[in-house]
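Reading through the structure tokens given below for one structure.
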Amino acid sequence: MTSSTPRFRFAPSPTGFFHVGGARTALFNWALARQLGGRFVLRIEDTDDARNRPEWTDGIIDALAWLGISSDDPVFEGPYFQSSGTDQHLDAAAKLHAAGHAYYCAMTPDEIAERAASEGGTGYGGWSRDLGLGPGPGRVLRFRVPDGTTVVDDLVRGRVNFDNAVIEDFVLLRGNGSPVFNLANVVDDVTMGITHVVRAEEHLPNTPKQQMLWTALGERPPVWGHVPVLVNEQRKKLSKRRDKVALEQYRSEGFLAEAMVNYLMTLGWSPGDDREILPWAEIESLFHLEDVNLSPAFFDVRKLAAFNGEYIRMMSADAFAEECCRWVPDEWSKDQLAAIAPHIQPRLVTFSDVPALVDFIFSEVVIDEESWNKVMAADYSLALLTATVDAYAALEDWSAEVLKSTLEQVMTTFDLKLGKAQAPVRVAVTGRTVGPPLFESLEVLGVDVSLGRMRAAIERASG
RNA sequence: GCCCCCAUCGUCUAGCGGCCUAGGACAUCACCCUUUCAAGGUGACGGCACGGGUUCGAAUCCCGUUGGGGGUGCCA
């Protein structure tokens, strides 16, 4: 690798569904890697921990691919698995120990808590620093935090100072000898030649520790960039337990990847003008960490939905119809679906809503009682329906245009406006008071089915 | 408790000392359009957390207060 090639990385741990916050972090790294002609390294941090499961790893890779981040692009590198780098982590630990940057400690958490309490402090006080202990069961390897101040230069937050005195001698190797996050993470970054670490702000407190590790390992620390976390309505960090954060769920509800990407990228960042809907290519060339906001941003599903609507309306008619097909039962007529598609495009929020919007075309009508009662309560409804059926039955041209003008003809004798006059027909044919434009629906439905339903309604109303 | 970060409409943001009577978008409301519902159009509502400075001039710079967030693990 050349030192002039920026190397970004995204390092999720497979502990659950892929999170929208993780998606945003990945996207930020991806945009930068591509913009700078660098690489995007995917590293799965699967080191021990009972929470890791292989299926989550597949979920991460699928989700990233959905967002457009995949090995189809030469910028993408990996995935690598942290678990396969254990030897290197251990080597680094040994090196640190040999150089005096780390020491073994035999104290248990309980003993530490006890001593801390008795001394009026909270954390570990470096009590085993000069015992000269060697490795052994139950002994952890701790980093010897030097005196002084650690200055973290962060592309999004500026310069942040940490007094080393408040950073306790953190653990590198557990009592069972396995490497801990801070060590594994840094060693992997070093090994993989990572030059830019862009991640969520929750890692900022880890950064001075990691920077000390880089230095102790004889390496120059990477460029840091800590972006604010995403929060829920209560302004708390998005959590897998409480909040709807699974990217896969949004995907299965029919959110478009493009809309999700655009939304995520403009959460905490803006192109600097009044636009917020903009193509990826433009986002990629305009995105800079220096422009990322410093405050946590609320992940607002309503705004995501609005973005999705925008993207749906931007689709070509063909692309839209094709996408609709993927969201309805196979047995539904693709021709009929394609015919009605242009009329649902402006009213669709997410694709999972497609079936419910047009099901009356493909299955038996289900009359909604409330709608029926409301519409048929009008004294003219039955008569109007009867007159309309008669007029429609005589039609030779079953087109939306003719259907409309015919009803307009009929309604004059009832002294109604079209808005009122179409209601009985609508409820008879679709079962509801709202739906796609009526005459276009009738056209797609065809003469036989339409008339059949209207006659059934007349019978129902008469009986 | 301690450490760190942050603070413009309800929400996402523009703003980097004078273009600010603070702009846009989502949401909400009203009107127009209309074949229901949407979409579209027009408009309304609504904000620089507070207090001190600095400056001829502050949303923009400094300090403090308050509020919020993150971290404080032999999790990642």
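Note on naming: letters A, B, ... go to the chains in the order of the sequence lines (proteins, then strands), and numbering restarts at 1 for each one.
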Taking only N/O atoms, report every protein-nucleotides 26-32 of chain B pair under 3.5 Å with atom names and distance.
unit_1, atom_1, unit_2, atom_2, d
B:A27, O2', A:R302, NH1, 3.0

**OP:** Taking side-chain contact (heavy atoms from CB on, under 4.5 Å) as the test, write out the residues that go with A:E440, two or more places apart.
**Re:** A:H343, A:A400, A:P437

**OP:** Can you sort out the partners of A:E202 under salt bridge (Lys or Arg N to Asp or Glu O under 4.0 Å), two or more places apart, ordered by chain and number?
**Re:** A:K237

**OP:** Respond yes when some side-chain nitrogen or oxygen of A:R174 is under 4.0 Å from OP1 or OP2 of B:C75, and no when none is.
**Re:** yes

**OP:** Please list residues of residues 428-437 of chain A whose heavy atoms come under 4.0 Å from any atom in RNA chain B, ordered by number; otherwise none.
**Re:** A:T433, A:V434, A:G435, A:P436, A:P437

For nucleotides 44-46 of chain B, list the nitrogen or oxygen atoms of the protein found under 3.5 Å from its nitrogen or oxygen atoms, one pair per line.
none

Original post:
Who are the side-chain contact (heavy atoms from CB on, under 4.5 Å) partners of A:R302, not counting sequence neighbours?
Top reply: A:D300

Subject >> Which nucleotide in B:U13, B:U35, B:C74 has an atom nearest any side-chain atom of A:S270 >> reply: B:U13

Original post:
Can you name the residues that form a ring pair (Phe, Tyr, Trp, His ring centres under 6.0 Å) with A:Y80, not counting sequence neighbours?
Top reply: none

**OP:** Could you tell me whether the phosphate oxygens of B:U35, OP1 or OP2, come under 4.0 Å of any side-chain nitrogen or oxygen in A:K404?
**Re:** yes

Would you tabulate the pairs of protein nitrogen or oxygen atoms and nucleotide nitrogen or oxygen atoms of nucleotides 4-8 of chain B closer than 3.5 angstrom?
unit_1, atom_1, unit_2, atom_2, d
B:C5, O2', A:R157, NE, 3.2
B:C5, O2', A:R157, NH2, 2.5
B:C5, O2', A:E201, OE2, 3.1
B:C6, O2', A:S295, OG, 2.8

Original post:
Sequence neighbours excluded, which residues qualify as salt bridge (Lys or Arg N to Asp or Glu O under 4.0 Å) partners of A:D274?
Top reply: none

**OP:** Kindly state each residue pair satisfying side-chain hydrogen bond (donor to acceptor under 3.5 Å, both in side chains) with at least one member in residues 413-427 of chain A, sequence neighbours excluded.
**Re:** A:Q422-A:R426

Subject >> Under the side-chain contact (heavy atoms from CB on, under 4.5 Å) test, residues paired with A:V427 that sit two or more places apart >> reply: A:S371, A:W372, A:V375, A:M376

Original post:
Got a sec, which residues hit ring pair (Phe, Tyr, Trp, His ring centres under 6.0 Å) with A:F143, two or more places apart in sequence or on another chain?
Top reply: A:F170

